[in-house]
Amino acid sequence: MNDQINKNDLSHVIEADRAHLWHHLIQHKPFETVDPRIIVEGRGMRVWDAKGKEHLDAVSGGVWTVNVGYGRESIAKAVYDQLVKMNYFSNSAGSIPGSLFAEKLISKMPGMSRVYYSNSGSEANEKVYKMVRQISARHHGGRKYKILYRDRDYHGTTITALSSAGQPQRAMQYGPFTPGFVEVPHCLEYRKQWDVADYGVRAADAIEEVILREGPDTVGALVLEPITAGGGVIVPPEGYWTRVQEICRKYNVLLHIDEVVCGVGRTGTWFGYQHYGVQPDFVTMAKGVASGYAAISCTVTTEAVFDMFKDDPTDPMSYFRDISTFGGCTAGPAAALENMRIIEDEGLLDNTNAMGARLVDNLWALADKHKVIGDVRGKGLFCGAELVADRASREPADEKKVQAVVADCMAQGVIIGATNRSLPGFNNTLCLSPALIATPDDIDAITSAIDGALGRVFG
Ligand SMILES: Cc1ncc(COP(=O)(O)O)c(C=O)c1O
């Protein structure tokens, strides 16, 4: 820990925060009596707060972002060098890191071809929604405008992104929403909706049922997370993705995979969809692209999609009439290039697979001891443990107790997450997404903290 932090009195910073900051996703009333938490420094898997307390971060910056860990001087240096040379020009012109990162990214995504830069996951997804609407307008007489999204999935915070939210508590009180978004059922087998053997295929068939109900000539696209994140870490059952692809092809529905969480190594492959052999039309990504060292998101399309926007050069409306001002910032792709180099050179995909297996094994071992663990799910360093009041009935654990487990871990100096005001009655899954550099000792320390917390909270 940097001695500076102990020496410096940060009480002014805390008061400035209390007086003027509006934090994300948190109620502020408690800050009248409790200090807001301020994170001052990070190294590897660990962060230190304003009181000098060390924390092991099992959620990569709170929201599964800092994939290569904290304090990476080579990324800071790459960004510095780029900024002093050329910090910004509107993306109607290219840049050196913008072109080089696009080339590198596409080399990891066979079948994909074009990269459109913006700043957040929500924005990257909105780009796709606009592209789908424009394709409908230009190529389907405006009819194929509907976009299907899945119960429990999340695609961002703006009003239109929330129009595709399968998480009612995220969307609640922010309507009216953008029309043309239609929900399909989730695929979580632990919360069965059909009593069948081939659950994955059945859950995908439910998408076909919605397409037929809505009319295939009205449905332009389907957006899915490869593995649902904030909706409870849902790894799709066997057979799901293959059937989804077949259905999309059958009805000419474009497939948009939201890799904002899973992208760039989180699940042990470059992209989550690559576990399942599917070929998307659109892929969006944000959080891990530059591990939070700079804001960057990407909307990646096939060349076939791109071609639909240059079909008539004589028509002044025949192109994607969209701009993201900060999509021209060079810090993002400069950081992203170095981020990807680190993942490759340090073998972090292999580490993610090995440490992810250890994390899941450890959690199942805890399930032997703590009856409150109903299910453990995960791929790579992206895991969830669903807590239940009763194993037989699968009644979800009391949300306050789930939050108490998170708070107990925090008191022990381990930061974990939980589904949070997303799904009424089902905010009962502990979420873990350590950096891809996690060691066996880190993984064991995380599960040992959870062990202690479960014992204290649930007995
Ligand atoms: C799957 C998914 N898509 C999109 C987003 C939105 O990303 P952002 O917060 O960068 O707008 C999130 C954020 O958590 C997410 O989990």
Side-chain angles (χ1 to χ4, degrees), residues 22-26 59-67 116-130 147-171 174 178 181 183 186-188 221-236 255-267 271-273 280 282-300 324 326-327 329 332 335-336 377-384 417-423 427 429 431-433:
W22 195 333
H23 292 269
H24 298 183
L25 268 190
I26 197 163
V59 280
S60 293
V63 285
W64 19 51
T65 297
V66 190
N67 283 4
Y116 192 96
Y117 290 122
S118 55
N119 313 285
S120 69
S122 308
E123 202 189 352
N125 287 330
E126 291 239 8
K127 302 306 180 202
V128 177
Y129 300 166
K130 284 179 74 176
I147 296 171
L148 308 186
Y149 66 92
R150 185 173 55 188
D151 185 16
R152 281 182 171 249
D153 280 8
Y154 176 75
H155 302 295
T157 191
T158 55
I159 296 286
T160 296
L162 283 178
S163 310
S164 62
Q167 299 183 3
Q169 287 177 319
R170 286 292 161 99
Y174 298 114
T178 308
F181 288 84
E183 188 169 282
H186 70 71
C187 65
L188 174 57
L222 167 68
V223 56
L224 298 175
E225 292 182 63
I227 295 165
T228 301
V233 190
I234 303 170
V235 181
L255 179 57
H256 166 189
I257 303 188
D258 176 347
E259 295 268 355
V260 168
V261 172
C262 295
V264 194
R266 170 60 51 207
T267 68
F271 293 92
Y273 71 86
F282 304 97
V283 178
T284 47
M285 64 194 78
K287 296 171 187 279
V289 175
S291 288
Y293 285 85
I296 178 173
S297 63
C298 306
T299 301
V300 180
S324 178
F326 291 138
C329 285
R377 305 185 278 268
K379 250 212 198 311
L381 280 169
F382 182 36
C383 296
T419 44
N420 176 21
R421 263 157 258 154
S422 298
L423 308 154
N427 296 305
T429 300
C431 300
L432 302 166
S433 55

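When a ligand or atom number is given, it counts from 1 through the structure's own listing order. In what follows, residues are counted from 1 in the order of the sequence shown.
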Worksheet item: Are side-chain N/O atoms of Glu123 and Ser297 paired as donor and acceptor at under 3.5 Å?
Response: no
Worksheet entry | Close side-chain approach of Arg152 to Ile234, heavy-atom, < 4.5 Å | yes
Worksheet entry | Donor-acceptor side-chain pairing of Thr178 and Tyr129 below 3.5 angstrom | no
Worksheet, complete the sentence: Those residues at least two apart in sequence (or on a different chain) that pass ring pair (Phe, Tyr, Trp, His ring centres under 6.0 Å) with Tyr273 are none
Worksheet item: With a 4.5 Å limit on heavy-atom distance, are the side chains of Gln169 and Asn427 in contact?
Response: yes
Discussion item. Can you list every protein residue that has a heavy atom under 4.0 Å from any atom of ligand 1, sorted by chain and residue number?
Written reply: Ser120, Gly121, Ser122, Asn125, Tyr154, His155, Gly156, Glu225, Asp258, Val260, Val261, Lys287
Worksheet item: Which of parallel (below 30°), tilted (30 to 60°) and perpendicular (above 60°) describes Phe382 and Trp64?
Response: perpendicular
